[in-house]
Amino acid sequence: MSDVFKTHDPLNIPTNKSLDSDSDSIPVIDLSLPNAPALMNNAFKTCGAFQVLNHGVPLSLLKSMESFINDLFDLPTSQKLKVVRSPESISGFGLVPLSKIYPKRPWGEGFTIIGNPVDHLQKLWPQDCKKYCDLVEEYNKEMKSLCGKLLWLTLGELGITPEDIYWAGPDGDFKTNNQAIRMNSYPVCPEPDDLIGLPPHSDTSALTILYQTTKGLQVSMEGKGWVDVEPINGALVVQVGDMLHILTNGMYPPSVHQAVVNQTSDRISTAYFFGPPPKGEVSPLKKLVTPTQPLRYPTVTWADYLRKKYVLYEKALPSIRLSAPAPTGLSNGNDQNLVKVG
Ligand SMILES: O=C(O)CCC(=O)C(=O)O
Ligand SMILES: [Fe+2]
């Protein structure tokens with residue numbers, strides 16, 4: 001994992017500090033500094049999210065993704081209709097299922113890519129399809145590698161090694177893992193208080209890496225309610241999803257978050273979802289099941305859990321929970337039933 005530390009530019013980078021209870025947002029962690037693993041582990045335990053700097057993903061790639069997303073959402077509706085989500089699939093243009101039952105009307109569009117995007121992109125851009133497919137492939141590759149680094153560094157703090165997660169593969173490189181990208185576009189909104197970009201939810205993934213350049217993401221923090229995650233140039237937002245919550249036997253709470261809209265600027269975001277392989281069975285890590293922290297979840301696959309989530313939303317996790325949640329660490333909005341999870 002030492003290559004994590006090679007990308008550091010020591011200039012203008014804040015020194016990592018321990019999680020400050022007075023801070024009014026999620027921590028910002030410089031991955032190139034030696035105390036990053038301990039801080040990431042601490043951030044995951046306390047609020048399920050942090051922003052990461054010096055993560056090694058080239059800024060040029062993030063910028064290329066931004067212009068791809070702008071091209072995508074600028075397409076005329078007649079083009080977009082060619083790749084609308086079908087009832088059997090999550091890929092394509094469409095609302096997240098939770099939007100249908102959440103009381104505030106959704107304001108925005110989403111486009112989800114799972115697997116090879118060639119079929120969809122071919123329909124949208126017959127000429128430029130290869131250019132966009134290559135970009136998505138590169139983005140997936142960089143994000144997967146970052147997720148691997150982040151997971152091993154944080155889980156390493158808990159004494160977890162690659163042998164403990166069989167679905168990480170023999171080299172611990174998560175080669176066969178599932179991934180998805182959702183691109184979101186939220187136009188300027190005339191009534192931002194009455195509408196919502198993306199309703200409150202936790203992601204079903206193990207980790208989600210979100211890229212945003214305009215303010216709009218909010219995370220639910222214990223005792224603080226919704227806090228804004230201010231965009232920082234080149235930073236990525238890392239969030240615990242339900243699969244990692246289960247894997248850690250409830251030690252890391254899932255990040256409960258929402259996207260709000262505003263009256264003055266358009267906003268786009270890219271969420272990369274990293275999960276176990278299609279048939280990978282996720283169960284709480286044996287090392288994290290102890291007499292004081294008994295087994296909290298059964299074995300699940302991402303696909304089965306996703307189906308449950310689409311029916312039960314915020315009740316999906318409690319519906320499979322085997323024993324009461326930990327008294328601390330888990331008490332974010334999700335478990336207090338303050339918010340809906342989608
Ligand atoms: O747009 C955002 O900031 C949030 C996106 C998100 O949570 C998602 O796509 O799951
Ligand atoms: Fe999300």
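Order of listing sets the numbers, starting from 1, for every ligand and every atom in it. All residue numbers in this chain count up from 1 along the given sequence. These values consider heavy atoms only, across backbone and side chains, with no hydrogens, waters or symmetry-generated copies.
No donor-acceptor contact under 3.5 angstrom links the side chains of Gln293 and Asn249, judged on distance only. For the 3.5 Å distance criterion, the side chains of Ser202 and Asp242 qualify, holding a donor opposite an acceptor. Side chain to side chain, Asn262 and Tyr186 fail the donor-acceptor criterion of an N or O pair below 3.5 Å. Residues Glu66 and Tyr211 bring a donor and an acceptor atom of their side chains to less than 3.5 Å of each other. Between the side chains of Thr154 and Asn41, no donor-acceptor pair is found at a separation under 3.5 Å.
Contacts of Gln212 with ligand 1, taken as heavy-atom pairs under 4.0 Å, are absent altogether. Only side-chain heavy atoms of Leu210 come within less than 4.0 Å of ligand 1; its backbone N, CA, C and O stay farther off. Contacts between Leu198 and ligand 1 below 4.0 angstrom, taking non-hydrogen atoms only, involve the side chain exclusively.
Exactly one of Phe111, Phe68, Tyr139 qualifies for a ring-ring contact (aromatic ring centres under 6.0 Å, His included) with Tyr132. That residue is Phe68.
Interface of His201 with ligand 1, defined as ligand atoms under 4.0 Å from a residue heavy atom, comprises 6 (C), 7 (O), 8 (C), 10 (O). Ligand 1 places these atoms under 4.0 Å from at least one heavy atom of His257: 7 (O). Remark: ligand 1 atoms within the under-4.0 Å shell around heavy atoms of Phe273 are 9 (O), 10 (O).
Geometry note: the Fe ion (ligand 2) is the vertex, His201 NE2 and Asp203 OD1 are the arms, and the angle is 90° (rounded to 10 degrees).
The nearest heavy-atom contact from the protein to atom 10 (O) of ligand 1 is Arg182 NH2, 2.7 Å. Among protein heavy atoms, atom 3 (O) of ligand 1 sits closest to Arg267 NH2, 2.7 Å.
For the pair Lys130 and Asp134, the salt-bridge criterion is met [side-chain N within less than 4.0 Å of a carboxylate O].
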